[in-house]
Amino acid sequence: MEKLHFTYQNTKTIEKFVHVGVVASGDLEVLLYPADETTVDIVTGSDGFKEVWKNVLNRFFDRYSLKGKFIIHDFGATPGVVNLRLTQAMEALNDEE
Amino acid sequence: MKCLWLFPGQGGQHSGMLEEVDSDLKKQVESWTNVKLLDSEEGYQDSQQIQLSILLLQVDQIDKLKCKGWKPDLVAGHSLGVFGAAYAADVIDKEDVFKLVSLRAKLMQNSYPSGYGMGVVVGLSRSEVADIVAKVHSKDEPVYLSNQNSELQNTLSGKISAIKESLQLAKENGASKVQLLRVPNPSHSPLMQKVAARLEKEVGPIALHQPQCIYLANNNGHPVKDVNDISYDLANNLIHPVFWETMINVALEYQPQVSIEFAPGTAFSKLLKAKTDQLSIITLQNMSVDDADYLLNKWKGKYND
Amino acid sequence: MTERNWHSHRDAKNARLSSALSLLDGKFAKTKDVVKVLETLIKPGDKVVLEGDNQKQASFLSAALTKVDPEKVHDLHMIMSSISRPEHLDIFDLGVASKMDFSFAGPQSTRVSQMIADGTMKVGDIHTYLELFGRLFIDLIPNVVLVAADKVDREGNLYTGFNTEETPTIVEAAAFHDGIVIVQANEVVDKLPRIDIPSGWVDVVIPADKPYQLEPLFTRDPQAITELQILMGMMAIRGIYEKHHVQTLNHGVGFNTSAIELLLPTYGEQLGLKGKICRNWELNPTPTLIPAIESGWVDSIHSFGGEVGMEKYIAARPDIFFVGKDGTMRSNRALGQVAGQYACDMFVGSTLQIDQWGNSSTVTHGRLSGFGGAPNMGSNPTGRRHSTPAWQSLKPDDDPLAKGQKLVVQMVQTFGSNKKPVFVDHLDAEEVRKEAKLANVPIMIYSEDTTHIVTEEGIAYLYKTDSMEERKAAIEAIAGVTPVGLRSDPKEVKKLREKGIVALPEDLGVRRQNAKRSLLAAQTMDDIVEWSHGLYNPPAKFRSWS
Amino acid sequence: MKNSFVELKGRQRAFALVDEGTGRELVGPEYDMISPHLEPQKIVPESDDGIILLKGKLDGKNVVVISIEGKFQGGGIGEVSGAKIVAALEKTLEDNKKGIKEYPIIILDTGGVRLQEANYGLLSISEIQNVVIALKKYVPVIGLVPGRVGSFGGMSITSAILSYLITTKKARIALNGPEVIEQEAGVREFDSSDKDLIWDTLGTRQRVATGIADEVVNDDIKAIKEAISKAIDEKKDAHRTEKADFYLSLLDHIDFDKPLNTEEYRKLYAENKTEEHQVPEAVSSDKPGTKSRGRLWFEKLTGIENAKSEYPTVLHAEKDGKEYIAIVPDENNKFPRVRHGEVGLQEGFVVSKIVNQIIEEDKDKEVKRPIVLVVDVPSQAYGYKEELIGIHISLASAAAAYAKARQAGHPVIDFIPGDAVSGGFLAHGLQSNRIIALADKSITIQAMSKASAARITQRTIAELEEATKHVPAMAYDIFNYEKLGALYKLVHDVSSWDANDDAVNEIQKLIDEAIESTKGKPTDLHFRYETPIAVESGRKATNEMRKMVFEQWNK
């Protein structure tokens, strides 16, 4: 297990809390809270992937500059699954209650 | 029913592991080798104790299984495990194999008193690790890419300082785990040339027999059926990487239905489970030979149509 | 000057058959005499076709071939569409054979690599199926062919039924050029359900000790389909199938395509696409297509081969499948490959690696697998002149003489199951070519033929790119955080999206949150059985325990 | 087309059961109430700790849905997740007592105790069982086992206590998983690689045919909702823990030395005739029974020498107005899997007979007889036949009887001079309102043996032992157990094997004090949350979770 922390200078304010995913094998959950700063706190079960996480987050925020507090609990998801959950969280922001 | 027998090398030894071993056999081994087998934590600080005890455990299990009428179609041993494999394939006689391993252990123990060893890199492909090793290796700081345990798990052998440097580089290049192993030799690298040469001399006069099944060779991962290839492997596997991943891939291409991993350890069964769901797996670390016999009888009906 | 003997082949064949007379009763030899028969009829250096594709294996004959005396039979030149069984290679270890022409070696690819490296096996070429079949009639004309039949009658007529596959093609190459046709048969009967191969083409029949080996190779358990595969399937349906009005197609084997098949009756239905896409198929009868068939999506399916467990279902759906009067399907790999390459508007497949230019390959270090039919299906037949909307839709609009193009779609996740990138700068295949001293880099599908790549990030419409630079940028845009993808420039991505060269899910109106397993029409093998009204009978290894 | 329920994740499942738009989640993921015990063991936590709590309506009825996420840590119950369930059930009970009808529905997709929080899991599960029993007086408590994980371990004991159990054919129900039985009893007892055998034995078809579950429905959301709604409307109750005589009669006719297959058992089950069984008190004899700490202390506390009983593994006797009950080893027992003192099929049912009889006898009395459990149970019995017949029902019967006795006002006091492990402890010990234990190194108190726990959690024994250093609930000794705050008293000057007269007197005195301490106090299990150790550290996370659920109950 490894804990990672990242900060970003993002622009798009979000209005509400969203949650997607589950901490199942090869999966993760994303908690996204409105906040003034963009922080990403990750607890991951797979060690040694800091660089990959940075790349995934960079790419995601390049496309969707969401400002908020992210908490991620990851149980060995591939970069593809991580990106899926992040983009699902992004979509959920636009859902009607 | 096609059966693959797997023999691990050092690493899984633990005190008390010889409890179930036939006591006559143990006595015999002690008299052949002049080594009293302690089967204790202190004992397993010693390379000769480790190697002889693991071989004894495996030979005992082989004898018991064969006594119940089971034999392998394919054998694969990892490093020290080649001796159990060769014995299971009826290539080498019991007394010879213990004497040979006893000598091997002694030679290894004396070859590099300090400063040399092995490390492991997880998460990088073999060619990625090879690139790193090439950057670090020099005449004064020798390090070699050694065992290929699985696609993304390879070991390094050489001078500790060079290994450490390589491990650091590997970590920086995305390895998920790197670790110095508690092995006092740069095994499976050219640095073991002297030991291999001496072993080669010792193996020479031993009467070896044609194998009764396919033997997966450490030094190149090939399936071999000729005693000369096995003889080479027994004496020289220390100077070559163990191409375990290749050995297993080849073994699986022969389409075995059952695998038996001899004690000690469970690592190879786990690797197999991750690779295929088409194999019924027995791990002798977790069950008695009688239990294994029960399962083999149960599966025989399923696989012999 | 003596006149040339224009029937030396025929004479030689007759001489061989005469020398085997003592072993034969008419065309029939005894099971126990199989080794002797082979030793008598096969001569050193012969070109021998051993039937073995990726499903059906002449396993009785291949086992017998490992028992022949290498003094009598050696240096054979084997021609096999698939190297599948250990004994296919054991005959090289034994010296019975020395050269190989083949298409696919997936199940034996490590040993094939080793044997090529140490010289035990010389390789002619690694072909596509059609190349290999074609060359049986050009410059690889066999001396002997060893094939498998389900049933044979007393005359020697063969019934190959459901798994006819490539038997007729192989037999034809020998029968009409004085090669010897040796058949193993599961069963000798008085009357065949139908005749697939006439007795006149057959020289020797040997009843087998047990039925030929048959693998359910194309069955995918829906239980293992992931949300990413579902997302990619949704994107493909919207961004490719619907967009290009694809009606005729071939699916490569895999979970990506299984996911699409299972999304048609749900997601496809929601989009109102029934009757508009996916009507005519060249495809092995994969169980995952059953829900779509039952929901009325499919007009016809022609198959390369059979699939274990589908027999009864197919017999009950003759409107859809190619079924004989006797009620069993007739498959044909050669015609299927032709249809797949020429008659279909689209091929959808998967791969292990794609390079920065868009070439793809399943060959990796130490594993020389070959590609079977994928390079046939996955290439643009440039002589084609279809008027179908799909083919026409890829026609560039700035050239008065322009023609359409086949849709060749690669679907991959950016990282493989081992967490290694699928998108790489250079294919392992480039190294493998050097190691195995091959004439060609073993590329499965060439960049120039690849029109679309789908990943979990989006779709790259490669056919729309104007330059290699743009093609590379399009690939980078959907290559995730692989070394290739990391080069992607966000501004460039924006431009490519505007030009319609790259589409992300939101550009296609695909909601990622809907990518759930519950969207599959069947989630378990049991569900498929239920869809089939109990007609599908899954093989034991696919049993759902419940 | 069917709409699969099984394919849904825990949260979606909970929402799928309630009428569109009526669901309100309590203590949802935004509160990020993770388990504090996982990260110290390098295990990734989940924001809801694997439990989704929902209030909503089902066909207009108020329901409380508790959904266990089987994909997170195999649906294992730990401290936080357990507390969430208990708090919700307690509020449901409170509302129903007030006359507000609310129907609890529990979706079981669980391996039972979360082995990484072992002793917390056991405590929590016993607390869940306690509330379920209390609730059943007001409303049916419906269980749903949809499948993939199925229902195993301590939560299967809970499943037997629920009013009505609905399943799909994708589920399995058992106490011990086949892997654990193989580890504990050998592959010949249960071959964990034999999927046919596993599903034939533990699959729901067999389970419904033999009274372990009540109904198999299609894996379809609509069908499942209908089945639940109907079960509520019809107030269904299987009375599964009230069938001791039925099972004891069945056990009389099964030879445990011979194999028994699923088909034969179905036939035996169908043809079984219930006969009344009596469980007389233990009496003195001249032949000593199999030695154990439990037997030693039972004999000393009751004064019965060489205690002998018709059911040799269960001793009970009244002394000084207190009823003592012990489960003891019997080296020649006709059930091979209980010979070392394990709680097996017969033990649970016999205990439930004893306890229910006491309740019945004291029904009209003002002051209820105290019940003292002498606890020395090395585990539940690991065996194929045990699972085939449903050992969890036996354990549930004992647990339910103890809980009922306590709720009826009987002081239920544990005295632990020996081991207190796993299902054995849940059946015989964890429903008590006070626990007295000896501070003896020989005592093991845990959810699973090290070998099995290592196998199931895919860790080495060394890694497991490392984890016990960071998380007291993972430890195997009574000293770490004390840190959880559940003990009434840890006795430091008495050792397990030395039951001298002074020691016996001291224990007698402590038992009496413990009984006294229950007077005028609630009959629930809250004592465990309220000891100074519990408040300070042992159940801190429990109490926090309880507070949050209570705060959010009525929004």
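Note on naming: letters A, B, ... go to the chains in the order of the sequence lines (proteins, then strands), and numbering restarts at 1 for each one. The basis for the numbers below is simple: all heavy atoms, side chains too, and nothing from hydrogens, waters or symmetry mates.
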Discussion item. Let me confirm one number: the CE-CZ distance from Met287(B) to Arg188(D), rounded to the nearest 0.5 Å.
Written reply: 9.5 Å
Item to complete: Identify the two heavy atoms, one from Tyr294(B) and one from Val187(D), that lie closest to each other, and give their separation to 0.1 Å.
Response: CE2-O, 3.8 Å
Discussion item. Within the supplied structure, the quantity of interest is the number of heavy atoms (other residues, nucleotides, ligands) at a distance under 6.0 Å from Lys441(D) NZ; does it exceed 12?
Written reply: no
Worksheet item: With only heavy atoms counted, which part of Glu182(D) is less than 4.5 Å from chain B, the side chain, the backbone, both or neither?
Response: side chain
Worksheet item: Does atom NZ of Lys177(B) have more than 12 heavy-atom neighbours, drawn from other residues, nucleotides or ligands, at distances under 6.0 Å?
Response: no
Worksheet item: Non-hydrogen atoms of chain D under 4.5 Å away: do they reach the side chain of Lys270(B), the backbone, both or neither?
Response: neither
Item to complete: Check whether Thr266(B) gets within reach of chain D through its side chain, its backbone, both or neither, counting any heavy atom under 4.5 Å.
Response: neither
Worksheet item: Quick check: are there more than 12 heavy atoms from other residues, nucleotides or ligands sitting under 6.0 Å from NZ of Lys298(B)?
Response: yes
Fill in: Atom CD of Glu20(B) with >12 non-hydrogen neighbours under 6.0 angstrom
no
Worksheet item: More than 12 foreign heavy atoms under 6.0 Å from NZ of Lys291(D): is that the case here?
Response: no
